[in-house]
Amino acid sequence: DTEVTQTPKHLVMGMTNKKSLKCEQHMGHRAMYWYKQKAKKPPELMFVYSYEKLSINESVPSRFSPECPNSSLLNLHLHALQPEDSALYLCASSQASGTGAAGNTIYFGEGSWLTVV
Amino acid sequence: AQKVTQAQTEISVVEKEDVTLDCVYETRDTTYYLFWYKQPPSGELVFLIRRNSFDEQNEISGRYSWNFQKSTSSFNFTITASQVVDSAVYFCALSEFNQFYFGTGTSLTVIP
């Protein structure tokens, strides 16, 4: 069983809606990530939090707003999305900060399937 | 340039056949790490293995085995006696210089 849990599993939202994706990890990891994955493509990094501070934003549009309330929780707030934002959103965590720092394994959750209509 | 190349986009095998998934990487660093992940249709990326650049020993875990060859910059993954449950997309990944790179993935279908 994955130790990174994401909710909801599926989300359908209109372009004017505001919704949030939630992620929780109980491995004591200090780095948490949001990835976006389109069909038949590898995951693309969106954001990295290190010790609860945003350390990397891969030029993600402002309609995606991350939040890290504490070291175990990570949210992704969604507002005014476009149909092309429909994708699988993966939360992940690793022991150390940074993307794969010192070869730390990144552990992924089951993902949230987002459809924007 | 692609840091991790998985030349096989899709592979189909009949159950119980062996199958090898290829992964070729590119790096200038002497210290790096290689990974394999499995992504079934449900979506979760499941970590399978991590290997550091100083350990070229092959690894075997049940029906899974990995062949790391620095001379050819390859980290290939073999599934022996494939099963339907092995059907998934498999990603090879490289970690170097504090960056993490995924390959484009290989979609494996095991036909019963």
Side-chain angles (χ1 to χ4, degrees), chain A residues 1-11 21 23-25 27 29-48 50 55-56 58 86-115, chain B residues 2-11 21 23-25 27 29-55 59 61 66 68 75 87-109:
Chain A
D1 289 339
T2 182
E3 295 189 69
V4 179
T5 56
Q6 291 186 240
T7 56
K9 179 72 171 173
H10 298 274
L11 177 63
L21 305 180
C23 175
E24 187 170 10
Q25 59 92 8
M27 294 180 280
H29 289 170
R30 304 317 301 261
M32 295 188 76
Y33 311 76
W34 281 113
Y35 281 82
K36 173 182 178 180
Q37 187 179 21
K38 301 286 274 185
K40 299 185 184 296
K41 298 288 187 184
E44 295 177 7
L45 182 65
M46 299 174 72
F47 303 104
V48 180
S50 177
S55 62
I56 294 177
E58 292 286 356
S86 299
L88 176 65
Y89 288 84
L90 291 158
C91 176
S93 69
S94 67
Q95 277 189 330
S97 61
T99 56
N104 277 260
T105 301
I106 300 179
Y107 294 92
F108 290 83
E110 293 184 349
S112 293
W113 295 90
L114 173 67
T115 302
Chain B
Q2 190 74 10
K3 300 289 284 184
V4 180
T5 301
Q6 295 180 255
Q8 305 150 307
T9 306
E10 297 181 356
I11 300 176
L21 310 183
C23 174
V24 174
Y25 61 92
T27 180
D29 202 0
T30 56
T31 301
Y32 55 89
Y33 298 80
L34 297 163
F35 302 80
W36 276 96
Y37 287 85
K38 172 183 179 181
Q39 188 173 38
S42 60
E44 180 187 1
L45 268 167
V46 179
F47 164 70
L48 296 178
I49 189 171
R50 182 186 86 152
R51 174 66 77 221
N52 74 55
S53 54
F54 300 106
D55 183 1
E59 175 97 4
S61 176
W66 291 268
F68 177 28
F75 186 43
S87 296
V89 179
Y90 291 86
F91 290 98
C92 181
L94 165 71
S95 173
E96 56 142 37
F97 298 121
N98 208 36
Q99 295 292 313
F100 199 92
Y101 304 94
F102 280 102
T104 50
T106 297
S107 178
L108 173 66
T109 301

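Convention: sequence-line order gives letters A, B, ...; per-chain numbering from 1. These numbers were taken from a predicted model, which means no experiment stands behind them.
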Could you look at B:Tyr37 and say if it's the side chain, the backbone, both or neither that has a heavy atom under 4.5 Å from chain A?
side chain

Using a cut-off of 6.0 Å, state whether more than 12 heavy atoms not belonging to A:Lys40 lie near its atom NZ.
no

Take atom NZ in A:Lys41; do more than 12 heavy atoms of anything else shown fall under 6.0 Å from it?
no

Most contacts with chain A, counted as non-hydrogen pairs under 4.5 angstrom, among B:Pro40, B:Ser42, B:Gly105, B:Ala93
B:Ser42

Give me the ring orientation class for B:Phe68 and B:Tyr32: parallel if the planes are under 30° apart, tilted from 30 to 60°, perpendicular past 60°.
perpendicular

Under a 4.5 Å heavy-atom cut-off, does chain B meet the side chain of A:Gln37, its backbone, both or neither?
side chain

Given 3.5 Å as the limit, does a donor-acceptor pair link the side chain of A:Ser112 with the main chain of A:Pro8, or not?
yes

Which bit of B:Glu10 is near chain A, if near means a heavy-atom gap under 4.5 Å: side chain, backbone, both or neither?
side chain

